[in-house]
S.K.: 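Structure in C-alpha cells, see below.
By convention here, the first residue in the shown sequence is residue 1. What's counted below: heavy atoms across the whole structure, side chains too, no hydrogens, waters or symmetry copies. For ligands, and for the atoms within them, numbers begin at 1 and follow the listed sequence.
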Amino acid sequence: MVMRATLSSSLRRHAAPGNPPRQGGAPPDLTITVRERRFAGPVRERWWLAGDPVATAWHNALSATFPRGEAFFIESVRACREGAPPELEAEIRAFIRQEVNHTREHLAFNRMAENAGYDLARIDARVSELLAQARGRPPAVNVAITMALEHFTAMFAHEFLANPRHFAGAEPEAAALWRWHAAEEIEHKGVACDTFDHFTRAWPKRRRWMVRALTMELVTRLFLRNRWVDTLDLLAQDGITGWRARVRLLHYLVVRPGVLRRVFPAWLGYFRPGFHPWDRDDRALIAAVDAALPGSSPAE
Ligand SMILES: [Fe+2]
Ligand SMILES: [Fe+2]
C-alpha cells in the first residue's frame, strides 16, 4: 500500500498567520511516499557488511538507536503540529507513517543482530537515558533536536545512496533495508525543519537561528560521542578492543570510506542563516532506489 502527500507549493509553508516567508523550502512537486516494505531475514551472518566487523558494528550501533530515536522524532513533531497548514499537516502524517515503518523493520534487523550474538542492551539503555531528559522540555527544543538529528539522517542517507562503497559486499536484503530507509529519510528531510518553523513562526529570525545552531552543536557532540562508545561496545563483543579498535573505527569513519569526512560540508551548511534541508535537491537518489527495489516504486 502506498500513500502520498503532495506538497503543492512552497507557499503552503507560509500560509499560517505570522509565518514569515523564507528562501528555499521543499521542491513544489515533492511527494512523500510511504513504501510499505518488509525485509525478510535482513541479517544472516554476524558480520553482514562485507565481512567487516567495524562497518558492521557502526551500522548495528546506528540501527540499535533507531526505534527509540524515531519514536522521539514522532512525538516531538506531533507536539508542534497544532495549527499547521493542511499541506504541512499531510506531510507530517506521511513522515510519521514512514518513521513507524522504519522502526518496525529496524526492530527486526536488531533482533537478527542479537541472534547473531550481539548484546544491544547497553546501547538501548544509553538511548533511553538520554531520551528521558526530553520529558518536560519545551516542545520547541525537542523539535529543534529532532530537526538536527533528521539532518544527520539525511546527510548519511545521501552519502549511503550516492556512494556505493558504503554497502559494497553487504548482504543484499540488509543493503536493501538501509537503502529503502535512506530514500525515505531524504524524502521527508524537510518535515522537522518546517514544523520547527511553523511552531516558532512568531520568533525573530535571529532567535530561531540561535536555537538551531546551538542545538546542532549539542546534538553533534552527543551523537558522535555516543555512537563512538556504542560501536566500541559492539567491537569489544568481537574481541576487538583498546587502541586497535579505536584506530580501526577512526579510519573507517574519517578515511575509508570516511562517512564523517564526506558529510562534513553538509553538516557545516546547517549553520548558514536561512538554511533549509531542500537547499540540496537530491531526489535523483530516491528515484534510483525506487527503480532498484522491486515493490517499492511509488507507481505500484
Ligand atoms: Fe527513519
Ligand atoms: Fe527521519
Side-chain angles (χ1 to χ4, degrees), residues 2-5 7 26 30-39 42 58-81 88 90-110 113 123-124 127 131 134 142-161 166-167 174-198 212 215-216 219-220 223 227 259 263 266-267 270 276-278 280 282-283 285-286 289-290 293 296:
V2 161
M3 188 189 85
R4 290 181 183 190
L7 312 182
L30 174 71
T31 56
I32 297 184
T33 303
V34 180
R35 296 163 182 79
E36 291 287 354
R37 284 285 316 235
R38 287 173 191 267
F39 297 86
W58 170 251
H59 289 88
N60 284 356
L62 286 176
S63 181
T65 68
F66 287 160
R68 289 189 193 279
E70 290 179 327
F72 168 73
F73 298 167
I74 291 170
E75 272 175 41
S76 304
V77 166
R78 270 193 181 137
C80 295
R81 78 201 288 186
L88 177 57
E91 195 179 333
I92 289 171
R93 280 199 302 274
F95 163 82
I96 290 172
R97 291 192 58 200
Q98 286 189 334
E99 295 292 26
V100 164
N101 288 351
H102 302 165
T103 293
R104 181 192 67 217
E105 295 307 307
H106 277 274
L107 281 171
F109 180 93
N110 295 344
I123 297 178
D124 192 54
V127 175
L131 291 179
N142 283 339
V143 83
I145 290 170
T146 297
M147 177 169 64
L149 284 166
E150 281 283 283
H151 187 55
F152 263 93
T153 58
M155 291 188 307
F156 285 143
H158 178 100
E159 182 54 33
F160 288 164
L161 296 180
H166 294 291
F167 286 96
L177 184 158
W178 283 86
R179 290 173 62 79
W180 162 79
H181 192 170
E184 294 198 342
E185 286 303 325
I186 289 176
E187 208 169 52
H188 73 223
K189 66 180 177 176
V191 176
C193 179
D194 291 339
T195 307
F196 174 81
D197 283 349
H198 162 70
R212 188 155 59 80
T215 312
M216 180 49 111
V219 162
T220 300
F223 178 87
R227 293 303 80 70
V259 66
V263 302
W267 177 84
Y270 192 85
H276 188 276
W278 281 109
R280 171 165 71 170
D282 46 3
R283 283 177 294 167
L285 295 172
I286 303 174
V289 172
D290 283 334
L293 288 179
S296 73

S.K.: At the Fe ion (ligand 2), what's the angle from H188 NE2 to E150 OE1, rounded to 10 degrees?
M.R.: 70°
S.K.: To the nearest 0.5 Å, tell me how far F196 CZ sits from R212 CZ.
M.R.: 7.5 Å
S.K.: Does E184 form a salt bridge (Lys or Arg N to Asp or Glu O under 4.0 Å) with R35? I'd like the steps, not just the answer.
M.R.: CA-CA 8 Å; E184 294 198 342; R35 296 163 182 79; 3.5 Å; yes
S.K.: For T146, enumerate each residue passing the side-chain contact (heavy atoms from CB on, under 4.5 Å) test, keeping only those at least two apart in sequence or located in another chain.
M.R.: F72, F73, S76, V77, E150, A192
S.K.: Mind listing the protein N/O/S atoms less than 2.8 Å away from the Fe ion (ligand 1)? Waters don't count.
M.R.: E70 OE2, E99 OE1, H102 ND1, H181 NE2, E185 OE2
S.K.: Measuring from atom CZ of R179 to atom CG of L161, what distance do you get when rounded to the nearest 0.5 angstrom?
M.R.: 5.5 Å
S.K.: Are W178 and H106 close enough that some pair of their side-chain heavy atoms sits under 4.5 Å apart?
M.R.: yes
S.K.: Between E36 and R97, does any side-chain N to carboxylate O distance fall below 4.0 Å?
M.R.: yes
